[in-house]
Amino acid sequence: MTTITLIEGDGIGPEICDATLRVLTAVGFEADWDVQPAGAAVLEAEGSPLPQRVLDSIAATGLALKGPVTTPVGTGFRSINVCLRQTFDLYANIRPCRSFPGLALPFSDVDVVIFRENTEDLYAGIEFAAGSADVAHLAELAGGKLPSEAAVSLKPITEAGSRRIVTAAFDYARDNGRHKVTAVHKANIMKETDGLFLRVAREVAAERDIAFDELIVDAACMKLVTAPSSFDVIVTENLYGDILSDLCAGLIGGLGLAAGANIGEAAAVFEAVHGSAPDIAGKGIANPTALILSAALMLRHVGEAGKAARIESAVARVIAEGRVLTADLTDNASAASTREYTDALVAAL
Ligand code: NAI
């Protein structure tokens, strides 16, 4: 039996993990779950939101299903997600967004897969405090372009990092019958960093038989909200990918529906795009679909494509029927709870 690290996370994490495990059981997928608490809840007791035992577990299993964890804004511990991605070199963050028939939204034909580089860019966490000696040194190097009282973040982009994410996007397109890869960048302004990413994207594209185009990130945003069906696979850097994938989640009905996978050579972590949703945590009303669909991506990863397809079609059926929907998907005052919605999914399976 496959051993899988399970991080329930905090906020709505435990609620949506419970729903996801019910669906996995209903589809007949059995695993040996190594449950590893992490996040704000263990910080006080263990001195770290991401204790070594969690990392040891993922190192041993190579596979994790993860609920969201809270990261304080501006202060406190660094993001557990960023740390996991860097520790296990989970360089490819794959985020598919496809319209669900039945939801009343401006577009019904969205089918985009975002490949977000997951280890570099401004998320590398290289920051210097305003007025520090480091910034004074950088200001000297910048020759008058950087005020020494500025706070500074560095944006590392490497040729190897760019090549492997673009290659992963093209491989995915080839293996999944996709027709086009679009590189999204801001190389007109960041000529060195984004310029390098774009040059590598062009080089990889030149060796492939799949259509390729490129768009500046601001233009990509405009086109995504006016003509989303013109996109197929998007490959981009870390920050743009983070933002574009929430935008695409909005196009298909919101964060409650957007699944994700973080893939590296030695490990893979499957998690929803959304966060811990503190505003609705503990109320039993969260939409578990994003984590359930992330678990379906995990099933495909471990060679259980049939079970993944059954889960995906059960989700599509329940949403298309429109009778049992969580509050984020309906104006109906009698929206379903997380449990009622999960009951409907289990019944549909
Ligand atoms: P969020 O994604 O948690 O919530 C944004 C909005 O979407 C909220 O109104 C929330 O109620 C709603 N929402 C999110 N997921 C939902 C679901 N499954 N069902 C129904 N509604 C849902 O983003 P926010 O508020 O910016 O972040 C909260 C915390 O989560 C922060 O500490 C952030 O750092 C963390 N976070 C963690 C992530 C992870 O663990 N992978 C990813 C993104 C954020």
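All of these numbers come straight from a predicted model, not from anything done at the bench. Note that ligands are numbered from 1 as they come in the structure, with each ligand's atoms numbered from 1 the same way.
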Do any N/O atoms on N81 end up under 3.5 angstrom from N/O atoms on ligand 1? yes
Closer than 4.0 angstrom: is that true for some heavy atom of A290 and an atom of ligand 1? no
So which of I280, I80, I7, L291 gets nearest to atom 22 (C) of ligand 1, if we judge by its closest heavy atom? I280
I want to check something: taking the side chain as every heavy atom from C-beta on, are R22 and R339 in contact at a cut-off of under 4.5 Å? yes
D213-T182 side chain donor-acceptor pair, cut-off 3.5 Å: yes
Take atom CG of D331 as the centre, draw a 6.0 Å sphere, and report whether it contains more than 12 heavy atoms from other residues, nucleotides or ligands. no
Taken to the nearest 0.5 Å, the spacing of I311 CD1 from L349 CG works out to 6.5 Å
Of T338, V69, N262, the residue with the heavy atom nearest atom 40 (O) of ligand 1 is V69
Rounded distance (nearest 0.5 Å) linking atom CG of L247 with atom CG of L244: 6.5 Å
Heavy-atom closest contact (H274 atom, I16 atom, distance): CE1-CD1, 3.5 Å
Should one rank A286, P288, A277 by closest heavy-atom distance to atom 4 (O) of ligand 1, which comes out on top? A277
Out of L255, V273, L257, N287, the nearest non-hydrogen contact to atom 6 (C) of ligand 1 is supplied by L255
Those atoms of ligand 1 less than 4.0 Å from some heavy atom in T70: 32 (O)
Nearest option to atom 25 (O) of ligand 1, as decided by whichever heavy atom of A19, G275, A327, P278 sits closest: P278
